[in-house]
Structures are given as structure tokens and as C-alpha cells.
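Note: hydrogens, waters and symmetry copies are ignored here, and every other heavy atom, side chains too, is used. Positions are given from 1 along the sequence.
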Amino acid sequence: MTGLGVTLVGSAVFFLTVGFGEARDIQRITGDFLFLAATACWSIYTLMGKKILRQISPLVATAYAMLFGSLVIGVFSVRDLVAVQWARLSLDFWVSQFYLALFPSVLANWFYYLGVKRIGPSRAAVFMYIVPVSGLVLAAIMISDVLTVAQIAGSVLMLLGLSIVNRRSGR
């Protein structure tokens with residue numbers, strides 16, 4: 001509980017400071033709402049995973065999740081797909097799509113489900129706090145984004161909480 005509390009405080013410090021200094025317009029509020037909705041969906045996905053992984057392997061569970069997700073996205077994007085000039089898309093585009101489908105999607109979810117199966121959903125779920133921290137570090141390295149004190153402090157708290165949650169007790 002202490003570790004979860006520390007990660008929660010860290011994420012509040014990290015994310016609440018992001019919007020300061022910007023106009024709180026409807027797009028920003030909509031984005032914040034969608035972020036919260038995505039978090040709720042991920043929680044459900046993780047909790048259902050524990051039950052599902054008793055019956056099927058993490059690889060099969062990931063395949064079903066990717067298939068279902070692709071179908072849902074396909075339904076919402078079918079109107080836009082018709083307008084794409086497929087013959088004009090370069091080899092670089094297709095290589096990028098293959099990379100995105102394989103590494104940050106399929107393999108990342110498969111490894112996550114392996115973690116859920118091995119250490120349980122609550123301990124595995126806190127590793128999601130690495131996402132904003134790694135995004136922050138990559139933004140600083142790749143596009144010279146300027147880090148704020150609040151972002152650094154929030155990141156440290158999130159990583160500290162993660163380590164507390166996953167520390168082995170002496171029992």
C-alpha cells in the first residue's frame with residue numbers, strides 16, 4: 001500500500017504540473033478524460049488477465065487482445081482508410097508500421113502478460129508508471145525537451161513507489 005501511495009503521489013506531481021501555464025481548453029480536458037478512461041480500461045484488462053491466464057498462454061491472450069483492438073480501431077477508421085492512396089505509401093512507411101505492430105504493441109503486451117502471470121496483476125500493473133518516466137527521458141534525449149523540477153520529482157517518486165511495491169519482504 002505504501003508503494004502504491006508513493007507512485008500515486010508521484011504521478012499526481014508529474015501530471016498535474018503538465019497543464020499549468022496552458023489554457024485549459026476543451027481539447028485539453030477531453031484529452032485528460034480520455035487518459036483517465038484509458039487507465040480504467042488498462043486496469044480492467046490487467047485484472048481480467050489474471051483470470052484468463054489460468055486458461056490460455058500469455059501469447060494467445062495477447063493475440064486475442066491485439067485482434068480485438070485492431071477490429072475496434074478498424075471500425076472507427078474505415079471511413080479514413082478509403083481515402084488513403086495505398087500505392088503511394090513508401091517502403092519506410094511499411095517498415096515503420098511493422099516495427100510499431102511488433103515491438104511496442106505485440107511484444108510489449110506479451111511481456112506484460114508474462115509479468116501478470118508470474119508476479120500477479122497488482123505488482124505488474126505498477127510497471128506502467130515507467131511509461132511516462134521513459135517518455136520524459138526519451139523526449140529530453142531525442143528532442144531536447146526541457147525537464148521541469150516537478151517532472152523529475154514525480155518520476156523519482158513513481159520509480160521509488162514501483163520499487164517498494166516489488167521489493168521482496170523478509171518473510
How long is the span from the [atom1] atom in [X] to the [atom2] atom in [Y], to the nearest 0.5 Å?
X	Y	atom1	atom2	value
Leu53	Lys117	CG	NZ	6.0 Å
Leu59	Leu114	CG	CG	8.5 Å
Ile73	Leu81	CD1	CG	10.5 Å
Ser134	Ile141	OG	CD1	10.5 Å
Met66	Leu71	CE	CG	12.0 Å

With a 4.5 Å heavy-atom cut-off, do Leu89 and Val84 have their side chains touching? yes
Heavy-atom side-chain contact between Ile44 and Met48 under 4.5 Å: yes
Distance-only check: which donor-acceptor pairs under 3.5 Å involve side-chain atoms of residues 91-110, not counting sequence neighbours?
residue: Ser96; atom: OG; partner: Asp92; partner atom: O; Å: 2.9
residue: Ser105; atom: OG; partner: Leu100; partner atom: O; Å: 2.9
residue: Asn109; atom: ND2; partner: Ser105; partner atom: O; Å: 2.7

List the atom of [X], the atom of [Y], and the distance in Å for their closest heavy-atom pair.
X	Y	value
Gly161	Val6	N-CG1, 3.6 Å
Gly10	Met158	C-CG, 3.7 Å
Thr46	Pro121	CG2-CB, 3.5 Å

Is the backbone of Ile52 close enough, under 3.5 Å, to the side chain of Gln55 for a donor and an acceptor to pair up by distance? no
Any donor and acceptor pair, going by atom type alone, linking the side chain of Ser77 with main-chain N or O of Asp80 inside 3.5 Å? no
Identify whether Val137 and Ile130 are in the same connected component of the hydrophobic contact network (ILVMFWY, side-chain heavy atoms under 4.5 Å). no
Can you tell me which residue pairs pass the ring pair (Phe, Tyr, Trp, His ring centres under 6.0 Å) test with a partner in residues 111-145, sequence neighbours excluded? Trp42-Tyr112, Tyr45-Tyr113
Fellow cluster residues of Val149, listed by chain then number, with links counted only when side-chain atoms sit under 4.5 Å apart: none
